[in-house]
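Below, chains carry the letters A, B, ... as their sequence lines are ordered, and counting in each starts from 1.
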2 protein chains.
Amino acid sequence: MATIGDVARAAGVSRSTASYALSGKRAISEEVRQRVAEAARALAYTPNAGARALATSQTMVLGLLAQFYEDEFAPAMMQYIRAVSDTARTLGYDILLVTEADGARALRRITDSRMVDGVVLLNIAEHDERLPVLRAAPRPGASVGLPADCSGLDVFDLDFEEAGRVMVDHLHRLGHRELILISQPEHVVHRGGAYVWRLRDAAVQRARERGVTLHAVYGESRQPAVGRLLNTLLDTYPSATGLLLNNEAAAAALPSVARARGLRVPEDLSVIGRYSDDFAATFSLPYSFIESAPDRLGSMAVRHLVRRVESTTARDEPYVVRFISPELVSRGSTAVPR
Amino acid sequence: MATIGDVARAAGVSRSTASYALSGKRAISEEVRQRVAEAARALAYTPNAGARALATSQTMVLGLLAQFYEDEFAPAMMQYIRAVSDTARTLGYDILLVTEADGARALRRITDSRMVDGVVLLNIAEHDERLPVLRAAPRPGASVGLPADCSGLDVFDLDFEEAGRVMVDHLHRLGHRELILISQPEHVVHRGGAYVWRLRDAAVQRARERGVTLHAVYGESRQPAVGRLLNTLLDTYPSATGLLLNNEAAAAALPSVARARGLRVPEDLSVIGRYSDDFAATFSLPYSFIESAPDRLGSMAVRHLVRRVESTTARDEPYVVRFISPELVSRGSTAVPR
DNA sequence: CTGAAAGCGCTTACAG
DNA sequence: CTGAAAGCGCTTACAG
């Protein structure tokens, strides 16, 4: 493989001149610039990334830390990964994907060894063990998801409280007075999935304010348990007219449960989910839903991170916590109660 | 961040001794070894990855090239990515994930710049434009999926021909004489998805040999089209007693279609799918299926790649093409025809 | 068993 | 506008 030295020799200039001609970081006579460009082209010169990283302390790589849990409904994760990866590439960065079970250790490894210029944390927990590591790390980070302590990183998340209120308000306005809310399984809360209780608590409170009866339960994340649960709930609360789903697996299972029970949506039951448009397409879910916007969140996280990485002034700006407002996408699955 | 020089100074030895003490690559007195280890620990020393890569020409990073297509059923991809990532980490490698639309260009970029020691290609097409780039690249590669020309890389795939035969034979043995095979959409074939016609052609031929009528059609990849297609086919071939699915979206859509038609499986219809165990769990598919084994394939690809990367003898061994034998996982969805 | 030195391939002040 | 040189942080022959 050709080095900058080969290019310089071929162009008849010094290595520094070749470097400057290629980077454009100082004035170069047009003639020399062309000779260097031509030599680089002819030799198919590509800078050695390691050497450049060593010289500049920049790798043009971002770490992406994804956590996987056995008991979790996986299809949602891919969209965040794609959003982060695509946005990063647009900005000139590659992605080092880390799926190690011990996220804290992995984070330390890739930042301490200077493999990455910054880091995006996915699937963040309320008291995420990666956070102290990130705060002590020599590289900045951003998270998708809201931890209890947001110091030392930029945070991006859906406004789950508002999402809960929007769900309740929407059905209340249509005249519903008894609703069921199925959240993620309780162990997701124990693991630190704050978005579960954030939506739930806000929905419960809003329901109380509106005089709406809300049966808030924790769900399951797998079939057939989640299907059974849906049936049990519909049996237990026959007078409930609306179903709120902060649980992807439950949403994916609902169509077949509804069909089996001969339950028409929205005539017999109004339904609002919380997932992404892409998820709805994959599972062909015919329900109105709060868009969880993984693409927007992933993209925002990367853009902010890159800004912090690249600008010396941005590096020391205060950290931000940014919420996306929930958008209710109508698919016609809500109506005046029966 | 501490450098090897800092460690050496703290331990009162030269940098080379510190390096050797840490790597164990030459004999070191136990006392010095301990002093160096202690100094490294105290200073939280982590080698700079770029510097090490420059000195050793090894990055300990593997590239993972994933292609995404708009018209594709995405959930399957994640399992390959996880398998590759987890296996790589086990072997001491990190993963550079590239999702760029222009895969050939991306491949050239990461290999020419020496960002990676080797490369895994996912979602490979029959005449994949990344292949010539890989053959010319200074780094070895492995693919999951079988291209037309396997020269210059290691290839791993499910034996889709055998899968087609196993499906037909299984139902033939039970007494079925008329079957429907739903493949991926035809545009997947046009794009170079050879596994589609590999399974299809083998199934067609085996059916002919066995005297079985096989209606082989291309499917859809999205709802609601795929649901409509299922209904149309079941209407068109009412005497067919078995359904073979080489199409994830169709498999995911079948339960609700069957329920809507009051169709019992396997009493009225025997069904065999082709997907992974994980996919079956996610969509709670109650059908017997040929395991597509993304974890095994991803893991094999990485192991072979790493062997080639690390061993000078393996580097020049002939390239391999390895097929996984299809395993029929019984879920009780096949029976003697009605 | 240990050290001084060269070299990996870049970038960027320093000097002219 | 251009070049010679230093330096980024490692590893590894070379020498003793």
Side-chain angles (χ1 to χ4, degrees), chain A residues 1-37 39-40 43-61 109-117 138 310 312, chain B residues 1-37 39-40 43-61 109-117 138 310 312:
Chain A
M1 220 52 216
T3 71
I4 188 84
D6 300 327
V7 173
R9 197 172 320 115
V13 298
S14 72
R15 299 190 327 170
S16 61
T17 298
S19 176
Y20 282 121
L22 258 19
S23 72
K25 285 192 183 169
R26 81 175 178 193
I28 295 281
S29 73
E30 181 55 20
E31 191 234 326
V32 166
R33 206 196 53 69
Q34 291 219 359
R35 270 206 334 262
V36 171
L43 296 169
Y45 169 69
T46 308
N48 180 301
R52 176 173 278 180
L54 187 56
T56 63
S57 305
Q58 283 211 16
T59 62
M60 302 306 286
V61 174
R109 182 167 52 78
I110 67 174
T111 53
D112 283 0
S113 67
R114 302 296 204 274
M115 298 182 81
V116 297
D117 295 336
E310 294 189 343
T312 43
Chain B
M1 220 52 217
T3 72
I4 188 85
D6 299 329
V7 173
R9 195 170 323 114
V13 299
S14 72
R15 298 189 331 169
S16 61
T17 298
S19 176
Y20 282 121
L22 258 19
S23 71
K25 284 190 184 170
R26 81 174 179 194
I28 295 280
S29 72
E30 181 54 21
E31 192 236 325
V32 166
R33 205 197 54 68
Q34 291 220 359
R35 266 202 341 255
V36 171
L43 296 169
Y45 169 68
T46 309
N48 180 301
R52 176 173 278 179
L54 187 57
T56 62
S57 306
Q58 282 210 18
T59 63
M60 301 306 285
V61 174
R109 182 167 52 78
I110 67 173
T111 54
D112 284 1
S113 68
R114 301 295 205 275
M115 297 182 82
V116 296
D117 295 337
E310 294 189 344
T312 43

Among D/dC10, D/dT2, C/dT12, the one nearest any side-chain atom of A/Thr56 is C/dT12
Taken to the nearest whole Å, CD/B/Glu30 to C1'/C/dT2 is 16 Å
What about A/Arg26, does its side chain sit under 3.5 Å from the base of D/dT2 through a donor-acceptor pair?
yes
Open item on the list: Looking at A/Thr59 and A/Ala53, would you say the former's side chain and the latter's main chain have a donor-acceptor pair under 3.5 Å?
Closed with: no
Per atom distances to the B/Ala55 side chain, the nearest of D/dC10, C/dA13, C/dC10 is D/dC10
Atom CD of A/Gln58 and atom P of C/dC10 are separated, to the nearest Å, by 17 Å
Assign each of B/Ser57 and B/Arg33 the nucleotide of DNA chain C bearing its closest heavy atom; nearer the 5' end lies the nucleotide of B/Arg33
When rounded to whole Å, the CZ to P distance for the pair B/Arg15 and D/dA13 reads 16 Å
note: B/Asp112, atom CG; C/dC10, atom P; distance rounded to Å ~ 12 Å
Rounded to the nearest 0.5 angstrom, the CZ-OG1 distance for B/Arg15 and B/Thr3 is 7.5 Å
Separation of D/dC10 atom P from A/Met115 atom CE, nearest Å, is 14 Å
Picking from D/dC1, D/dT12, D/dC10, the nucleotide nearest the side-chain atoms of B/Tyr45 would be D/dC10
Can you tell me if the side-chain N/O atoms of B/Ser14 get under 4.0 Å from OP1 or OP2 in C/dT2? no
The reported gap from CG in A/Asp117 to OG1 in A/Thr111 (rounded to nearest 0.5 angstrom) is 11.5 Å
message: What contact category does A/Thr3 fall into here, base, sugar-phosphate, or nothing, at under 4.0 angstrom with non-hydrogen atoms?
response: sugar-phosphate
A/Ile28 has its side chain closest, among C/dG3, D/dT2, D/dG3, to D/dT2
- prompt: For D/dT12, does OP1 or OP2 lie under 4.0 Å from any side-chain N or O of B/Lys25?
  reply: yes
With the side chain defined as heavy atoms from C-beta on, B/Pro47 is closest, among C/dT11, C/dG3, D/dC10, to D/dC10
Testing C/dA4, D/dC10, D/dT2 for proximity to the side chain of B/Ala51, the answer is D/dC10
Closest to the side chain of A/Ile4, out of D/dT11, C/dC10, D/dG9, is C/dC10
Review point. What does B/Ser113 touch in the nucleic acid at a heavy-atom separation under 4.0 angstrom: a base, only the sugar-phosphate, or nothing?
Key: nothing
>> It should be established whether B/Tyr20 places a side-chain nitrogen or oxygen under 4.0 Å from OP1 or OP2 of nucleotide D/dA13.
In response: no
note: B/Leu54, atom CG; D/dT12, atom C1'; distance rounded to Å ~ 13 Å
Among C/dT2, D/dC10, C/dG3, the one nearest any side-chain atom of B/Ser29 is C/dT2
The nucleotide from C/dA5, D/dG9, D/dA5 with an atom nearest the side chain of B/Ser16 is C/dA5
B/Asn48 CG to C/dG9 P, in whole Å, measures 17 Å
When rounded to whole Å, the CG to P distance for the pair A/Asp6 and C/dC8 reads 11 Å
query: Would you say the side-chain atoms of B/Thr46 pair up with the backbone N or O of A/Ser113, donor to acceptor, closer than 3.5 Å?
result: no
Interatomic distance, OG@A/Ser29 vs CZ@A/Arg35, rounded to 0.5 Å, equals 7.5 Å
Checking N1-N3 plus N6-O4 or O6-N4 for Watson-Crick, or N1-O2 and O6-N3 for wobble, each under 3.5 Å, the partner of D/dG16 is C/dC1
For a 4.5 angstrom cut-off between non-hydrogen side-chain atoms, does B/Ile28 reach B/Val36?
no
